[in-house]
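Here's the structure we're looking at; comments come further down.
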Amino acid sequence: MEHEKKWWHNAVIYQVYPSSFYDTNNDGIGDIRGIIEKLPYIVSLGVNMIWLNPIFSSPNDDNGYDISDFYGIMPSFGTMADVEELIAKAHAMGIKILFDLVMNHTSDEHPWFIESRKSKENAHRDFYIWQDGKNGEKPTNWEGFFGGSVWEKNAQTDDYYLHLFSKKMPDLNWQSKNLRQAIYDVANFWAEKGVDGLRLDAIIHIAKNMDFPQGVNTTNRPYVLADQHYANLPQVHTYMKEFHQKVLAGGNILTVGEASTAGVKEALQYSDPKNKEFNMIISFQQLSLDYDHSITHVPPKWTQKKMDLVEFKKVMQNWQLGLYEKGWNTLYWNNHDMPRVVSRFGDEGVYHIQSAKMLATLMYLQWGTAFILQGEEIGMLNADFTKLTDYRDVEVFTLYEETVTKAGYSDTEIMQRIKNRCRDNARTPMQWDATANGGFSAGVPWIGVNNNYHLLNVEAQEQNPDSILNYYRSIIKLKTGNACFIYGEFTLLLANDPSIYAYTRSNSTGIYTIICNFTGELQTTAELFEVSIQKKLLGNYENITTADGKLCLRPYEALVFFQDFIV
Ligand code: TEU
Ligand code: CA
């Protein structure tokens with residue numbers, strides 16, 4: 001079956017984290033004018049769309065994911081006129097724009113919530129989720145995604161509101177028709193402004209089990225993640241179908257649902273064009289395999305073990321085959337919610353360059369739309385922070401409070417977890433050059449720049465043809481310019497090899513073979529690849545090495561071969 005062609009099938013999306021991209025007025029915060037100034041750089045990467053994390057008015061409890069005005073621009077980012085100029089200039093350069101809309105919750109400083117909390121009779125009361133306490137306790141033992149309870153007491157009405165994220169982010173009540181309409185109005189407003197796509201934040205959580213049952217707690221934490229009561233409930237599909245109808249009917253807007261815990265089955269339901277829900281979703285399943293579930297005094301995302309490559313391949317293959325020609329797939333290693341990929345799965349030391357290139361080759365030549373986080377294209381690493389006050393993420397402080405302050409776990413242990421796993425790792429400023437603050441800002445950056453900027457920066461890599469940056473350009477070019485990489489079939493090779501990730505992409509015209517050494521050691525392939533009849537297109541080392549007639553892979557080596565069917 002031939003997939004109906006859509007413009008976003010060959011989109012490569014570059015994620016800009018506005019506050020950390022480029023600061024033009026030296027207040028230490030990246031801004032919209034900074035993105036406008038850097039458009040030529042973005043174009044030079046070969047990407048064709050940018051995703052901007054939220055730029056709306058917000059008290060910034062969660063870096064803009066706590067919106068206080070959906071129609072206003074965060075003053076530190078700029079003005080509506082700046083945003084209009086960005087959209088127009090990006091379009092003129094062939095770059096589309098994806099906005100990040102948060103429809104699961106607002107800021108507690110949003111006028112809707114200020115009203116809602118005033119009294120039980122308030123006209124906006126049902127825009128949020130209210131419950132009475134049970135026997136003097138919180139309504140349920142549900143744990144929020146930032147740790148701690150999801151319930152917060154409201155003194156004015158002597159009951160509780162639900163917040164899956166921070167307590168300054170009350171959840172919206174999608175059962176309210178008026179609320180839903182208010183949200184559709186927001187989405188339509190931005191679609192009419194010329195935005196080409198919307199990422200719908202935390203969208204799988206918009207429906208909750210309104211019977212509010214207790215979660216089964218097998219951890220040694222007081223509250224428990226009870227996803228089955230607030231993720232991927234059937235009503236999410238109902239609401240999204242309505243969203244599609246009220247916002248997208250007749251439009252050509254791309255919708256990307258953030259669906260962290262969706263499996264292939266849910267993803268198919270969300271992204272099958274027949275269902276008219278989303279065009280694609282972003283799941284975290286593929287990137288949760290290095291969680292250590294035997295540790296339960298912290299939520300899973302703060303734990304870490306070595307990822308089993310065989311298991312990873314199995315999961316990736318499920319997604320590749322499960323959605324193929326039915327739904328659509330997304331590919332990414334990084335976003336603003338995860339540690340940096342080279343620090344996580346590659347090598348920060350001698351093989352920094354090789355491993356960064358290998359990871360790009362492995363991921364983005366598979367089937368699906370690629371999402372690349374700013375700085376990934378130069379191989380940026382995790383933050384080099386040492387003290388709690390270096391961090392900015394609300395989630396870090398909740399973790400510290402719940403574990404060290406309240407439960408008495410060791411400061412050293414928790415600080416190490418924060419260092420390895422926290423989201424600020426992905427949020428340090430973009431490293432443009434070797435001048436002060438990596439050229440990000442002449443002021444005091446809102447979050448520290450990684451000190452490795454002296455060597456690791458865009459300018460240095462522009463000058464080096466073998467840099468990570470120039471390699472990313474080659475991968476993006478290969479990806480976007482080629483029907484086989486966009487629509488070709490995916491076949492996993494060497495499924496049980498614990499060290500090598502290999503696959504082919506093929507269509508009627510030819511076959512590409514991608515072979516990646518995921519380790520820092522030499523590896524020989526279990527099978528002989530007939531490299532002699534293939535053409536090497538790309539790699540992160542010179543030449544090819546063989547041993548005993550077998551292809552031999554150097555540490556983190558990546559190879560792309562092509563065999564033409566038409567001779
Ligand atoms: O993240 C949402 C998110 O990570 C949860 O949906 C996820 O379900 C949870 O961690 C369980 O695994 C988005 C944004 O990307 C993030 O930056 C925001 O902090 C969050 O929503 C709240 O808006
Ligand atoms: Ca600024």
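The first residue in the sequence is number 1, and the count goes up from there. Just so we're clear, the structure is a prediction, and the values are computed from it rather than from any experiment.
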Between Asn437 and Tyr453: side-chain donor-acceptor atoms closer than 3.5 Å = no

Are Trp319 and Gln366 close enough that a side-chain donor and a side-chain acceptor fall under 3.5 Å?
-> no

Test side chain to side chain contact (heavy atoms under 4.5 Å, CB included) on Met338 and Phe284 and set out the steps.
-> CA-CA 10 Å; Met338 290 175 186; Phe284 289 15; 3.9 Å; yes

Any side-chain donor near an acceptor of the partner, His91 and Asp196, under 3.5 Å = yes

Parallel, tilted or perpendicular: which describes the rings of Tyr512 and Phe485, with under 30° parallel and over 60° perpendicular?
-> tilted

Give a yes/no verdict on a cation-pi contact between Lys96 and Trp7, requiring under 6.0 Å between NZ or CZ and the six-membered ring centre and an angle within 45° of the axis.
-> yes

Side chains of Asn452 and Gln431: is there a donor and an acceptor less than 3.5 Å apart?
-> yes

Donor + acceptor pair across side chains of Trp328, Thr369 (<3.5 Å) = yes

Sub-3.5 Å donor-acceptor pair from the side chain of Asn425 to the main-chain atoms of Cys422, do we have one?
-> yes

Rounded to the nearest 0.5 angstrom, the CZ-CZ distance for Phe562 and Arg505 is 13.0 Å

Over-ring placement of Lys301 relative to Phe145, 6.0 Å and 45° cut-offs | no

Would you mind checking if Asp100 and Arg199 are paired as a salt bridge, meaning a charged N to carboxylate O distance below 4.0 Å?
-> yes

Flag for Tyr503-Gln317: side-chain donor and acceptor within less than 3.5 Å = no

Take the angle between the ring planes of Phe385 and Tyr391 and call it parallel below 30°, perpendicular above 60°, tilted in between.
-> perpendicular

For Ala356 and Val342, which heavy atoms make the closest approach, and how far apart are they?
-> CB-CG2, 3.7 Å

Between Trp190 and Phe99, ring centroids under 6.0 Å | yes

side-chain contact (heavy atoms from CB on, under 4.5 Å) partners of Asn10, counting only residues at least two apart | Asn48, Ile486

Asp292 backbone acceptor or donor facing Thr303 side chain under 3.5 Å | yes

Tyr324 and Asn329: side chain donor to acceptor below 3.5 Å = no

Would you give the length of the straight line joining atom OH of Tyr471 to atom CG of Asn540, rounded to the nearest 0.5 angstrom?
-> 5.5 Å

Would you please classify the geometry between the Tyr65 ring and the His336 ring as parallel, tilted or perpendicular, with 30° and 60° separating the classes?
-> parallel

For the residue pair Asn53 and Gln15, confirm or rule out a side-chain donor-acceptor distance under 3.5 Å.
-> yes

When the ring planes of Tyr41 and Tyr14 are compared, do they come out parallel, tilted or perpendicular, using 30° and 60° as the limits?
-> perpendicular

Ring centres of Tyr270 and His237 under 6.0 Å apart?
-> yes

Does a salt bridge link Lys419 with Asp390, judged by any charged N lying under 4.0 Å from a carboxylate O?
-> no

Polar contact flag, side-chain donor to acceptor under 3.5 angstrom, Asp227-Thr261 = yes

Do Lys38 and Trp432 meet the cation-pi criteria used here (NZ or CZ under 6.0 Å from the six-membered ring centre, within 45° of the axis)?
-> yes

Exam field: side chain His9 to backbone Lys6, donor-acceptor pair closer than 3.5 Å = yes

Are Arg554 and Glu542 close enough for a salt bridge, meaning some N to O gap below 4.0 Å?
-> no

Say whether, by atom type as modelled, one donor and one acceptor occur between the side chain of Asp424 and the main chain of Arg427 under 3.5 angstrom.
-> no

